[in-house]
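Step one of this worksheet: look at the structure below.
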Amino acid sequence: MTNNEFEKSIAIFGSTGSIGTQSIEVARRHNLKVKALTSRGNIELLEEQIREFSPETCAVLDEKKANELKGRVSDTSTRIIGGEKAIEELAYSVKCDMLLNSIIGKAGLRPTLAAIESGKNIALANKETLVTAGEIVMKKAREKGVSILPVDSEHCAIFQCLEGYPSKQVSRLILTASGGPFFGKKRDELQNITPEMALAHPTWSMGQKITIDSATLMNKGFEVIEACHLFDIDVDRVDVVVHRESIIHSMVEYIDNAVLAQLGVPDMRTCIQYAITYPDRYEGLQERLDLAKLGKMTFAEADKETFVLLDLAYKSMRMGGVIPAVLNGANEEAVYLFLNKKISFCDIMDMVSEVVLNYKNIVNPTVEDIEQADRNAREAVRILSQR
């Protein structure tokens with residue numbers, strides 16, 4: 001299809017982050033109408049985006065930065081608002097065909113719920129939404145008749161491999177993992193890992209937080225939890241296999257033992273675009289896959305003994321309640337402390353495990369219960385870090 005055939009309008013929440021800026025590239029390539037943008041506080045990049053796309057509204061989490069941005073773009077028609085509530089309210093009020101949520105962390109949950117409440121379809125890159133409150137979010141989406149389309153490459157791949165087949169014919173979902181920069185290493189080899197070393201991902205270009213999560217395999221654990229909610233499947237029917245080349249993005253095994261896989265060069269713009277344009281396909285921004293040039297693909301078991309957070313994610317999903325939110329909150333805090341060189345790489349795994357396994361669960365939690373569990377988990381990690 002040509003560019004002028006595409007008429008959907010979008011809002012990009014988290015437009016200055018890694019996924020957000022790649023979403024901007026997709027919007028630019030296909031001449032999308034961008035109705036709204038949000039950011040934590042990168043007003044320099046926001047100003048550039050405002051001047052290019054002329055969104056109706058732009059929300060900035062940092063209210064001081066929002067006021068500064070107002071002065072910088074006073075010659076435009078874009079309305080500037082500030083604060084956490086402003087982002088949530090914008091998610092509800094903006095008129096668009098698709099809201100792409102790439103906000104980092106638990107801050108993405110309330111905007112997702114607000115967008116669902118207003119009946120918007122969502123392209124979801126904020127994994128914390130489903131990790132912390134998957135049951136609540138998916139139930140609300142069903143009630144409102146809202147589609148939640150995955151942006152993660154793994155879930156986008158599964159979504160494509162599932163199309164046209166009833167769920168009763170699915171045997172298992174197989175998530176692929178790059179293995180991160182420390183594939184093959186054992187615990188004693190991880191003791192002196194620095195943030196700089198952990199940020200050197202072998203195949204994907206991502207933000208700092210998700211790159212560290214990839215190094216610990218926590219990111220893959222979160223994806224297991226997400227897959228359970230997105231595709232309504234039991235956690236014990238979701239497997240993980242290490243695939244260093246990151247060419248197969250994930251697979252679905254059916255009851256006849258046939259396995260369908262989605263392949264492509266590792267480029268997040270592929271899944272961002274598919275989520276926005278679904279059910280249509282448009283010319284891609286990524287390079288074509290040359291299998292002959294690739295030569296071979298390799299696979300290995302994930303090392304759950306060394307990278308214990310992957311197994312902890314499975315346990316957290318089985319426990320349910322607020323435990324996945326505790327897992328997420330504890331991990332966010334531990335990663336923050338590691339990036340600021342307050343704790344070691346192995347401390348991330350140890351502290352998150354200790355907090356999760358000792359937390360008193362709440363079954364059938366409210367959003368408020370989930371948010372309190374998140375705060376409790378973060379505080380517990382901070383206390384452990386002071387020992």
Side-chain angles (χ1 to χ4, degrees), residues 1 3 5-15 17-38 53 91 94 96-104 108-109 111-113 115-116 118-131 134 137-138 141-142 144-164 173 175-176 204-207 210 219 222-223 226-227 229-232 246 249-250 252 262-286:
M1 295 186 180
N3 292 347
E5 290 181 275
F6 188 60
E7 298 178 349
K8 284 184 180 178
S9 60
I10 63 169
I12 303 174
F13 279 48
S15 67
S18 176
I19 297 297
T21 53
Q22 291 177 85
S23 302
I24 288 289
E25 290 184 52
V26 173
R28 182 181 299 119
R29 174 66 179 80
H30 295 295
N31 297 320
L32 306 188
K33 176 61 179 174
V34 178
K35 302 292 285 293
L37 299 169
T38 82
F53 292 98
V94 62
C96 61
D97 296 308
M98 176 69 72
L99 188 148
L100 191 147
N101 184 355
S102 62
I103 294 172
I104 297 172
L109 174 57
T112 300
L113 289 171
I116 292 172
S118 64
K120 292 182 188 67
N121 291 327
I122 300 168
L124 188 62
N126 172 258
K127 62 178 73 279
E128 291 79 9
T129 287
L130 294 181
V131 170
V137 169
M138 296 308 293
R142 288 190 295 270
K144 292 290 183 177
V146 165
S147 295
I148 296 182
L149 300 176
V151 169
D152 268 357
S153 63
E154 294 81 2
H155 302 111
C156 181
I158 289 171
F159 181 68
Q160 294 177 68
C161 292
L162 285 172
E163 286 198 72
L173 308 182
L175 298 174
T176 54
W204 292 97
S205 176
M206 306 174 290
I210 194 171
N219 188 52
F222 286 150
E223 288 172 5
E226 282 184 276
H229 293 300
L230 278 169
F231 306 114
D232 193 22
S246 299
H249 299 303
S250 277
V252 175
Q262 186 262 326
L263 288 71
V265 296
D267 190 323
M268 284 302 299
R269 296 174 300 179
T270 307
C271 20
I272 292 167
Q273 179 172 304
Y274 190 70
I276 293 172
T277 65
Y278 179 81
D280 298 317
R281 291 183 184 270
Y282 289 77
E283 184 179 340
L285 283 76
Q286 76 283 5

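Scope of the values below: all heavy atoms of this structure, side chains included, with no hydrogens, waters or symmetry mates.
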Quiz item: Can you list the residues that meet the ring pair (Phe, Tyr, Trp, His ring centres under 6.0 Å) rule with Phe53, with sequence neighbours excluded?
Solution: none
Self-check item: Any residue meeting ring pair (Phe, Tyr, Trp, His ring centres under 6.0 Å) with Phe222, in chain and number order, not counting sequence neighbours
Solution: none
Exercise. Kindly compute the distance separating CD1 (Ile19) from CD1 (Ile24), expressed to the nearest 0.5 Å.
Key: 12.5 Å
Practice problem: Look up atom CG in Asn121 and atom CG in Leu149, then write down how far apart they are to the nearest 0.5 Å. | Solution: 6.5 Å
Self-check item: Check: Ile103 main-chain N/O paired with Asn126 side-chain donor or acceptor under 3.5 Å
Solution: yes
Quiz item: With distance as the sole test, does Asn219 use its side chain to make a donor-acceptor pair with the main-chain N or O of Ile210 at under 3.5 Å?
Solution: no
Quiz prompt | side chain to side chain contact (heavy atoms under 4.5 Å, CB included) against Gln286, all qualifying residues, sequence neighbours excluded | solution = Val265, Asp267, Thr270
Quiz item: Looking at side-chain heavy atoms only, is the closest gap between Glu226 and Thr129 below 4.5 Å?
Solution: no
Self-check item: Glu223 CD to Glu154 CD distance, which is reported to the nearest 0.5 Å
Solution: 3.5 Å
Quiz item: Which atom pair, heavy atoms only, marks the closest approach of Ala227 to Leu173?
Solution: CB-CD1, 4.3 Å
Quiz prompt | Val137 side chain reached by Leu113 side chain, heavy atoms, under 4.5 Å | solution = yes
Quiz item: What are the two closest non-hydrogen atoms of Leu285 and Arg29, and how far apart are they?
Solution: CD1-CG, 3.6 Å
Quiz item: Distance from Ser246 atom OG to Leu263 atom CG, nearest 0.5 Å?
Solution: 11.5 Å
Quiz item: Given Leu99 and Thr112, is the side-chain contact (heavy atoms from CB on, under 4.5 Å) satisfied, shown in steps?
Solution: CA-CA 9 Å; Leu99 188 148; Thr112 300; over 6 Å; no
Practice problem: Using atom types as modelled and distance alone, determine if a side-chain donor or acceptor of His229 lies under 3.5 Å from a backbone N or O of Val131. | Solution: no
Self-check item: Side-chain donor-acceptor contact under 3.5 Å, Tyr278 with Glu163
Solution: yes
Quiz item: Of all heavy-atom pairs between Ser102 and Gly14, which one has the smallest distance, and what is that distance?
Solution: OG-O, 3.1 Å
Quiz item: Just by modelled atom types, is the Lys33 backbone N or O under 3.5 Å from a matching donor or acceptor in the Ser9 side chain?
Solution: no
Exercise. Determine yes or no for a side-chain-to-main-chain donor-acceptor pair under 3.5 angstrom, with His249 supplying the side chain and Gly264 the backbone.
Key: yes
Quiz item: Taking the side chain from Lys8 and the backbone from Ile276, do they hold a donor-acceptor pair closer than 3.5 Å?
Solution: yes
Quiz item: Say you draw a straight line from NZ of Lys127 to CG of Leu230; how long is it, rounded to the nearest 0.5 Å?
Solution: 10.0 Å
Exercise. Indicate the atoms forming the closest heavy-atom contact of Met98 with Ile122, along with that distance.
Key: SD-C, 3.5 Å
Quiz item: Are Thr277 and Val26 close enough that some pair of their side-chain heavy atoms sits under 4.5 Å apart?
Solution: no
Quiz item: Which atoms form the tightest heavy-atom contact between Ala36 and Val94, and what is the distance?
Solution: CB-CG2, 3.8 Å
Quiz prompt | Contact check, side chains of Glu25 and Thr21, non-hydrogen atoms, under 4.5 Å | solution = no
Exercise. Compare all side-chain heavy atoms of Ser250 with those of Gln262 and state whether any distance is below 4.5 angstrom.
Key: no
Quiz item: Is there a side-chain contact between Ile10 and Cys96 (heavy atoms, below 4.5 Å)?
Solution: no
Practice problem: Mind checking the OH-CG spacing from Tyr274 to Asp280? Nearest 0.5 Å is all I need. | Solution: 9.0 Å
Quiz item: Is the shortest heavy-atom distance from the side chain of Ile116 to the side chain of Ile148 under 4.5 Å?
Solution: yes
Quiz prompt | Gln273-His30 side chain donor-acceptor pair, cut-off 3.5 Å | solution = yes
Self-check item: Non-hydrogen atoms of Cys161 and Val252 that approach each other most closely
Solution: CB-CG2, 3.6 Å
